[in-house]
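Input: a single structure, listed below in structure tokens.
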Amino acid sequence: MSVVDLVMPKLGESIMEATILKWHKKPGDTIKQDETLLDIATDKVDSEVPSTAEGVIETILFNENDVVPIGTVIATIRVGANAALSNSEPAPQPAQPQYEDAKVVEEIPYTPSQPVQTSSPANGREGTAIKFYSPLVLNIAQQEGISMTELENIAGTGQDGRVSKKDILAYVANKGTGNQTQQAPQQNTPQQTQQVTVLPTTNNQQSTTNQPTYQPPTVFTGNVEVIEMDRMRKLIAKHMVDSKHTSAHVTSFAECDVTGLVIWREKVKKDFEKREGEKITYTPLFIEAIVKCIKKYPLLSSSVDGDRIIVKKDLNIGMATALPSGNLIVPVIKNADQLNLTGLTKQVNGLANAARTGKLKPDDTTGGTFTLTNVGTFGSIMGTPIINQPQVAIMAVGAIKKRPMVIETPQGDSIAIRHMMYISLSYDHRIIDGALGSTFLNAVSKELENFDVNRSI
């Protein structure tokens with residue numbers, strides 16, 4: 001008989017930690033290999049974690065709603081011939097440490113933390129060291145006005161001397177009372193609990209000059225319904241506001257005649273579905289055109305890193321997908337430029353179905369370099385989309401409408417009914433000027449207008 005450690009799995013290149021949403025087993029329960037043990041969530045997607053071994057759950061080391069770094073042991077499983085014999089007498093669990101408060105974690109969405117280079121003393125040692133701070137700690141520091149210099153001098157009690165949420169909240173509490181002494185966090189007092197849960201101040205709670213002042217809750221009158229945002233909606237709201245604060249948004253518009261594309265799809269869609277077992281929508285056709293134009297104008301697939309422009313050679317196209325809950329998620333088609341139309345169709349349909357059924361893997365939403373959103377799905381003829389950070393551009397396609405248009409023929413101008421569509425491009429004016437943005441947009445428009453109606457499938 002032996003004990004196997006179950007660790008928080010790697011969930012994607014940029015994901016450093018995850019929140020435990022639900023345990024499906026408790027100590028003493030039997031579990032099979034690959035059976036779902038717990039549900040976790042990142043700032044991108046929720047996911048199930050299967051067991052890596054078959055046996056009996058011996059210990060569960062974290063509670064629901066705890067935030068756990070990738071690679072940390074979260075449970076142990078007793079395996080071997082005698083594992084099931086002690087099923088009725090589960091091993092006693094060690095004292096559970098008090099991990100980070102779930103409410104605060106969920107109310108402060110985050111992006112992966114970055115290493116900070118410092119030459120100041122860390123944990124009592126002189127010399128140059130790289131200190132890592134969790135996204136939650138950095139968010140609290142920003143909200144409380146704590147500079148990086150102050151942050152570097154806070155004594156950390158976490159693994160490898162890392163500053164935990166309790167450390168920084170204890171520092172804030174001491175700072176508010178004028179006590180700057182560095183010390184390990186103590187048991188929560190009522191005042192600390194108030195600050196941890198961010199409760200509003202009341203009339204009998206006087207804040208000092210240096211303490212943060214929290215506003216009382218808004219009082220609504222009349223017939224209203226108050227709806228609490230779910231976790232995903234909070235993340236979306238945070239990401240949208242952060243993007244507007246990060247990028248200098250500009251949106252350009254173009255009108256394109258997609259009559260040929262519409263006629264071709266109507267002609268081949270039944271044969272395509274019969275041959276491939278997949279329905280062909282307009283989305284893979286739009287992505288195909290976008291990828292061709294990005295190859296001509298590669299700056300549209302880039303990101304900004306301080307004063308540097310990082311051009312992404314791997315063309316990973318995100319496609320905004322509406323969920324049954326009303327929320328939005330952006331699965332990513334990796335290396336879209338290496339796929340033919342059939343491959344794009346299968347990827348689009350597979351990721352869209354996985355998104356709507358809650359079966360996306362964390363890696364399915366990472367690594368995007370450009371995003372497409374189809375606002376026409378819900379009847380809009382055009383939109384001004386918000387850039388999906390850290391990308392620098394996003395394209396919206398509107399509803400396709402029949403309209404009378406003037407067309408040029410060898411015999412002169414004539415009026416004909418055409419399938420017309422507006423497309424728009426929001427781009428980051430920090431690195432993409434109007435000339436490049438408009439040129440790229442019109443290149444995509446021409447690519448769609450010049451679609452080969454005689455193309456084979």
Side-chain angles (χ1 to χ4, degrees), residues 11-12 15 18-22 39-48 64-65 102-111 217-218 220 222-247 249 251 279 281-284 286-287 317-333 347-366 368 370-389 391 394-401 421-424 426:
L11 303 168
I15 299 174
T19 302
I20 295 176
L21 295 180
K22 179 182 178 181
D39 297 336
I40 60 174
T42 69
D43 62 341
K44 299 286 186 181
V45 70
D46 296 350
S47 183
E48 297 177 345
E64 292 179 356
N65 296 316
K103 182 176 180 182
V104 175
V105 172
E106 291 193 354
E107 289 183 349
I108 309 178
Y110 55 85
T111 54
T218 304
F220 301 98
N223 186 13
V224 301
E225 178 185 6
V226 178
I227 300 175
E228 291 291 334
M229 291 186 186
D230 61 20
R231 175 184 167 277
M232 182 171 284
R233 177 49 54 183
K234 292 177 184 178
L235 292 172
I236 293 171
K238 178 72 161 55
H239 290 163
M240 295 300 98
V241 172
D242 285 350
S243 182
K244 295 292 283 188
H245 288 167
T246 299
S247 297
H249 278 66
T251 305
K279 291 183 178 180
T281 64
Y282 290 113
T283 300
F286 297 150
I287 292 175
I317 308 299
M319 56 174 197
T321 304
L323 300 176
S325 63
N327 291 321
L328 185 73
I329 199 165
V330 185
V332 176
I333 300 173
Q347 283 283 298
V348 166
N349 293 348
L351 288 171
N353 291 334
R356 296 185 182 110
T357 57
K359 295 181 179 179
L360 281 177
K361 299 184 292 293
D363 197 49
D364 290 336
T365 59
T366 61
F370 186 97
T371 297
L372 167 71
T373 179
N374 189 345
V375 299
T377 301
F378 304 102
S380 295
I381 61 172
M382 64 179 67
T384 55
I386 297 175
I387 297 168
N388 187 15
Q389 296 297 324
Q391 299 166 27
I394 179 173
M395 178 168 286
V397 293
I400 299 173
K401 300 286 187 180
M421 180 180 73
Y422 289 105
I423 60 177
S424 56
S426 292

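Here the structure is a predicted model, which means the values were calculated and not measured.
- Rounding to the nearest 0.5 angstrom, the gap separating the CG atom in Asp39 from the NZ atom in Lys22 is 7.0 Å.
- Between the Ser243 side chain and the Met240 main chain, no donor and acceptor come within less than 3.5 Å of each other.
- In this structure the side chain of Asn327 reaches within 4.5 angstrom of the side chain of Asp230, judged on heavy atoms.
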For this session: Dump the intermediate steps for side-chain contact (heavy atoms from CB on, under 4.5 Å) on Thr365 and Val330, then the final yes or no.
Result: CA-CA 6 Å; Thr365 59; Val330 185; over 6 Å; no

For this session: Check the pair Ile400 / Tyr282 against side-chain contact (heavy atoms from CB on, under 4.5 Å), numbers first and verdict last.
Result: CA-CA 10 Å; Ile400 299 173; Tyr282 290 113; 4.0 Å; yes

Exercise. After noting the C-alpha distance and the side-chain angles of His249 and Lys244, does the key distance pass the side-chain contact (heavy atoms from CB on, under 4.5 Å) rule?
Worked result: CA-CA 7 Å; His249 278 66; Lys244 295 292 283 188; 4.0 Å; yes

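- Annotation for Asn349 and Lys279: closest pair ND2-O, 2.9 Å, computed over non-hydrogen atoms.
- In this structure, OG1 on Thr321 lies 10.0 Å from CG on Asn353, to the nearest 0.5 angstrom.
- Between Thr373 and Pro385, the shortest heavy-atom distance links the atoms CG2-CB, 3.9 Å.
- Shown here for Met319 and Val348, the closest heavy-atom pair between the two residues is CE-O, 3.1 Å.
- The minimum heavy-atom distance between Leu328 and Ala320, with the atom names listed, is CD1-CB, 4.0 Å.
- A distance of 11.5 Å separates CE in Met421 from CE in Met382, rounded to the nearest 0.5 Å.
- Rounded to the nearest 0.5 Å, atoms OG1 (Thr283) and CD1 (Ile317) are 12.5 Å apart.
- Partners of Lys361 by side chain to side chain contact (heavy atoms under 4.5 Å, CB included), not counting sequence neighbours, listed by chain and number: Asp364.
- At least one side-chain heavy atom of Arg233 sits less than 4.5 Å from a side-chain heavy atom of Ile236.
- Here Glu64 contributes atom CD and Ile40 contributes atom CD1; the two are 13.5 Å apart, rounded to the nearest 0.5 Å.
- Between the side chain of Ser426 and the main chain of Ile386, no donor-acceptor pair closer than 3.5 Å is present.
- With values rounded to the nearest 0.5 angstrom, Ile394 atom CD1 is found 11.0 Å from Ser247 atom OG.
- By the ring-ring contact (aromatic ring centres under 6.0 Å, His included) test, Phe370 pairs with Phe440, sequence neighbours left out.
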Exercise. How far apart are the C-alpha atoms of Ile287 and Gln347, what are their side-chain angles, what is the distance that settles it, and do they pass the side-chain contact (heavy atoms from CB on, under 4.5 Å) test?
Worked result: CA-CA 11 Å; Ile287 292 175; Gln347 283 283 298; over 6 Å; no

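- Closest of all the heavy-atom pairs between Thr251 and Ser424 is CG2-CB, 4.0 Å.
- Closest heavy-atom contact between Gln391 and Ile387: O-CG2, 3.1 Å.
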